[in-house]
2 protein chains.
Amino acid sequence: MNNEETIAHARERVVESVAKNMHLYGVTPSIGRIYGTLYFENEPMTLDELKEELHMSKTSMSTGVRTLIDLNMVEKVWKKGERKDLYKIKADWYQNFIDLFCVQWRKGTQMNMEALTKSLSEFEKVLEEEPSEAIAEQVRKDIEKITYAINYYHWLNQVVNLFESKEIFKLTNKNENP
Amino acid sequence: MNNEETIAHARERVVESVAKNMHLYGVTPSIGRIYGTLYFENEPMTLDELKEELHMSKTSMSTGVRTLIDLNMVEKVWKKGERKDLYKIKADWYQNFIDLFCVQWRKGTQMNMEALTKSLSEFEKVLEEEPSEAIAEQVRKDIEKITYAINYYHWLNQVVNLFESKEIFKLTNKNENP
DNA sequence: AGGACTGTACAGTTTTTTCTGTATGAACTG
DNA sequence: CAGTTCATACAGAAAAAACTGTACAGTCCT
């Protein structure tokens, strides 16, 4: 096996591994492969180049790249005298992780919080109407559970803040060598 | 709307919201609904009760419950004089989050690390063979990228450790009231 | 303005995932 | 031991997701 082949294989291994774990970012392996390809390619790439490299349709490249742009993992760049759009990676993996983590959990937290507070106030209203003791007992238990959940989401929000504020970097040594 | 209905609706809203966000735990909404149902039910439930409640097949309940058990979110309990298996929730949401987070990211990190170190050593071997300057230049760039990635995963492991060691609780007030 | 080229919307196809019904083996009951 | 009652393996149906080809609107060039 010559050098070029060795290099290609070594790259492919990494790209494939990254792609396989990309589901943690809510992204399919195919899109992960786009990311990996852009990571190793030193120059920004066009949709056609990606299509060529990955043997997939241009449509898929288009939507895939857009997904990555939405995730803030890729950006469009402009080059003089080039008609095609060029895309390059945004290779701050630390920031990517934080962005993703925060967006995902913030969103989940918020949705659940809305449901929880709404239901909580309904439960409280039921209690105020002096229902039968059986019902009151039941509702009290439900309120307890909802309160637990609300507290949990408050905590989760604190965790998210820890990342969003970059405070997490003070607690870990970001550039430590292996 | 009478009290029972109000209660049922309020519960449903929360269950549905939790179910919808359960994908963050790598679980489908259907399975999330099992979890939510068990959360509000004060007594452990059987597969048949779940089936009844959720209007789904018993097979789905069986596999769904098992998934939740694997995720350490539900446990089987035994009750005297009851032939059917009973399942109840493990309602330590903080621990659930940590377990999930750690397992997911630890696994992803490990897989990628294996690929990275393997490819790194291959790249280094190529360099040792004194290739053409063009190739050497390329390989040096690749090695740089791989090193960056390795550093990143080291950092990520530190983050995971922060959770696994429960140190995260020192940095957030877990039981703060809203 | 006309022609060529590029990115994407959309509809249809393929692949994957989820869900169900049937069948079976294990465990309990009398 | 025979008769129930469970849970679940398995195969197939239904639903969802990923992917592609075609068509078209926008942009650039002459």
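So you know, we letter chains A, B, ... as the sequences are listed, proteins then strands, and number each from 1.
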Between [N] atom [atom2] and [X] atom [atom1], what is the distance in whole Å?
| X | N | atom1 | atom2 | result |
| --- | --- | --- | --- | --- |
| B:Arg33 | C:dT18 | CZ | P | 13 Å |
| B:Lys80 | C:dT29 | NZ | P | 13 Å |
| B:Leu50 | C:dC19 | CG | C1' | 16 Å |
| A:Glu49 | C:dT6 | CD | P | 11 Å |
| B:Trp78 | D:dC6 | CH2 | P | 16 Å |
| B:Lys51 | C:dT20 | NZ | C1' | 11 Å |
| B:Asp85 | D:dA7 | CG | P | 5 Å |
| A:Lys76 | C:dT6 | NZ | P | 14 Å |

**OP:** Kindly indicate whether a cation-pi arrangement holds for A:Lys76 with A:Tyr87, taking the cut-offs as under 6.0 Å to the six-membered ring centre and within 45° of the axis.
**Re:**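 A:Lys76 over A:Tyr87 ring: no.
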
Original post:
Does one side chain, of B:Asn112 or A:Ser17, offer a donor that lies under 3.5 Å from an acceptor on the other?
Top reply: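 A:Ser17 and B:Asn112 do have a side-chain donor-acceptor pair below 3.5 Å.
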
**OP:** Please state whether the rings of B:Phe97 and A:Phe101 are parallel, tilted or perpendicular, taking 30° and 60° as the class boundaries.
**Re:** perpendicular

**OP:** Look at the rings of A:Tyr94 and A:Phe169 and say which category their plane angle falls in: under 30° parallel, 30 to 60° tilted, over 60° perpendicular.
**Re:** perpendicular

Subject >> Contact letters for nucleotides 16-21 of chain D, in which S counts primed atoms plus P, OP1 and OP2 and B counts the base, heavy atoms under 4.0 Å >> reply: --SSBB

Original post:
If you measure from the Lys or Arg side-chain nitrogens to the Asp or Glu carboxylate oxygens, is any gap between A:Glu133 and A:Arg140 under 4.0 Å?
Top reply: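 Salt bridge between A:Glu133 and A:Arg140, a charged N being under 4.0 Å from a carboxylate O: yes.
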
Original post:
Has A:Glu75 got more than 12 heavy atoms of other residues, nucleotides or ligands less than 6.0 Å from its CD?
Top reply: yes

Original post:
Would you say A:Arg83 reaches D:dG26's phosphate, i.e. side-chain N/O to OP1/OP2 under 4.0 Å?
Top reply: no

